[in-house]
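Below is one structure; the comments refer to it alone.
None of these values were measured; they are calculated from a predicted model.
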Amino acid sequence: MSTPSETPGYKATGYPPNSDPQTAAAKSGDATVQQNLDTKTPLVQQLNELYQLVDGLHICMMTTRRSDGELVSRPMAVRKRKGTDMWFLTNKESHKLDELQNDPHINLAFYKDGTAEWASISGRAKLVHDEGTIQSLWGKDMHAWFGDLGDGIHTGGPQDPRLECVHVECVSAHYYKKSRTSFGVALQLGKSMMTGQTPDLGKVRHLEGAAVQLSREV
């Protein structure tokens with residue numbers, strides 16, 4: 001198991017060269033991005049705070065692309081997370097599987113009401129029909145979503161042939177970490193409206209490339 005300092009290509013700052021937020025900020029003409037993009041927090045801490053946000057929400061909006069090019073989103077429960085990669089269980093008869101077979105690009109959006117914190121995970125989806133994997137991800141709550149058709153086969157249990165696993169391999173992750181109280185946010189917004197300066201509300205973090213690969217190793 002490697003640490004950031006032991007991983008080839010890492011700078012002393014702890015950021016992979018192709019995901020250094022300073023580079024991203026320099027390329028962006030968006031004043032809000034330049035104001036809030038996090039260039040100082042160590043990478044491992046950024047990953048851990050992303051995990052805390054995602055694990056605390058559990059439900060995301062999964063977006064896929066239809067064959068006609070239009071985007072479709074639906075709520076999905078994360079069954080397992082390893083680093084920035086995630087696993088889901090779904091019904092083989094779902095349209096989302098046709099969409100993913102046609103185009104594996106996928107986005108997972110998380111939002112935390114109350115703090116307005118969010119995370120956006122973009123990646124590639126793989127369909128996995130492995131009985132061991134499905135059984136490890138299955139839970140009693142799946143009965144409610146699949147139902148028992150009464151034929152002794154389609155029971156909603158872990159051996160139900162309708163079950164399919166969707167494995168999302170992360171390519172990039174963007175998320176917002178609140179750093180102020182609600183009162184502090186209100187003050188910043190008021191100051192911004194009066195001065196025209198971009199408000200400092202929290203930290204926006206971008207992870208991709210070697211940073212995502214590190215998440216699979218630590």
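Residues satisfying the side chain to side chain donor-acceptor pair (under 3.5 Å) criterion with Asp98, sequence neighbours excluded, are absent altogether.
Across Val171 and Arg124, no two heavy atoms sit closer than the pair CG2-NH1, 3.6 Å. Here the closest heavy-atom approach between residue Trp87 and residue Leu137 is recorded as CB-CD1, 3.8 Å. Of all non-hydrogen atoms in Gln135 and Pro158, the two that sit nearest each other are CG-CB, 4.0 Å. Shortest non-hydrogen contact noted between Thr90 and Lys96 is OG1-NZ, 2.8 Å. Taking all atoms of both residues into account, the shortest heavy-atom contact from Ser215 to Tyr51 is CB-OH, 3.2 Å. Across every non-hydrogen atom of Leu100 and Thr64, the tightest pair is CD2-CG2, 3.5 Å.
When side chains are defined from C-beta on, Val72 counts as touching Arg74, because their heavy atoms get closer than 4.5 Å. With contacts defined as side-chain heavy-atom distances shorter than 4.5 Å, the pair Leu71/Arg66 does not qualify. Looking only at side-chain heavy atoms (C-beta outward), Leu214 and Glu217 come within less than 4.5 Å of each other. When side chains are defined from C-beta on, His154 counts as touching Pro161, because their heavy atoms get closer than 4.5 Å.
Note: Met76 CE to Met62 CE = 4.5 Å, rounded to the nearest 0.5 Å. In this structure, the separation between CD1 on Ile121 and SG on Cys60 is 9.0 Å, given to the nearest 0.5 Å. To the nearest 0.5 Å, atoms CZ (Arg162) and CD1 (Ile153) are separated by 11.0 Å. With values rounded to the nearest 0.5 angstrom, Leu50 atom CG is found 8.5 Å from Phe110 atom CZ. Within the model, atoms OG of Ser122 and CD of Glu169 stand 14.0 Å from one another, a figure rounded to the nearest 0.5 Å. Atom CD of Gln52 sits about 8.5 Å away from atom OH of Tyr175, to the nearest 0.5 Å.
In this structure, the side chain of Trp138 engages the main chain of Gly156 through a donor-acceptor pair within 3.5 Å. Side-chain N or O atoms of Asp38 include none that pairs as donor or acceptor with a backbone N or O of Val204 at under 3.5 Å. Not a single donor-acceptor pair under 3.5 Å links the side chain of Arg81 to the backbone N or O of Met86. A distance-only check finds no donor-acceptor pair linking the side chain of Glu164 to the backbone of Leu127 [under 3.5 Å]. Distance alone, capped at 3.5 Å, places no donor-acceptor pair between the His105 side chain and the Arg65 backbone. In this structure, the side chain of Thr155 does not engage the main chain of Gly152 through any donor-acceptor pair within 3.5 Å. A donor-acceptor pair under 3.5 Å is absent between the side-chain atoms of Tyr111 and the main chain of Ala119, judged by distance alone.
Residues Leu47 and Val54 share a hydrophobic cluster, clusters being chains of Ile/Leu/Val/Met/Phe/Trp/Tyr side chains in contact below 4.5 Å. Linking Ile, Leu, Val, Met, Phe, Trp and Tyr whenever their side-chain heavy atoms come within less than 4.5 Å puts Val168 and Leu207 in one cluster. Hydrophobic clustering, with ILVMFWY side chains joined whenever heavy atoms are under 4.5 angstrom apart, keeps Leu163 apart from Val78. Neither Leu97 nor Leu89 shares a network with the other; the hydrophobic side chains, linked directly or stepwise wherever heavy atoms of I, L, V, M, F, W or Y lie under 4.5 Å apart, form separate groups for each. Linking Ile, Leu, Val, Met, Phe, Trp and Tyr whenever their side-chain heavy atoms come within less than 4.5 Å puts Leu108 and Val166 in one cluster.
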| request: Mind running side chain to side chain contact (heavy atoms under 4.5 Å, CB included) on Arg79 and Met142 for me, showing each step along the way? | output: CA-CA 11 Å; Arg79 308 301 297 190; Met142 299 307 295; 3.5 Å; yes
| message | Using side chain to side chain contact (heavy atoms under 4.5 Å, CB included), reason through Leu53 and Lys177 one step at a time and then give a plain yes or no. | response | CA-CA 9 Å; Leu53 177 60; Lys177 175 70 175 178; over 6 Å; no
| field | Pair Tyr176-Arg205, side chain to side chain contact (heavy atoms under 4.5 Å, CB included): steps then yes or no | value | CA-CA 6 Å; Tyr176 164 71; Arg205 295 166 178 168; over 6 Å; no
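When only modelled atom types and interatomic distance are considered, Ser172 and Glu208 share no side-chain donor-acceptor pair under 3.5 Å. Inspection of the Thr84 and Arg216 side chains reveals no N or O donor paired with an N or O acceptor under 3.5 Å. If you check the side chains of Thr41 and Lys203, you find no donor sitting under 3.5 Å from an acceptor.
In this structure, Lys92 places its NZ atom where more than 12 heavy-atom neighbours from other residues, nucleotides or ligands lie under 6.0 Å away. In His58, the NE2 atom is crowded: over 12 heavy atoms of neighbouring residues, nucleotides or ligands sit closer than 6.0 Å.
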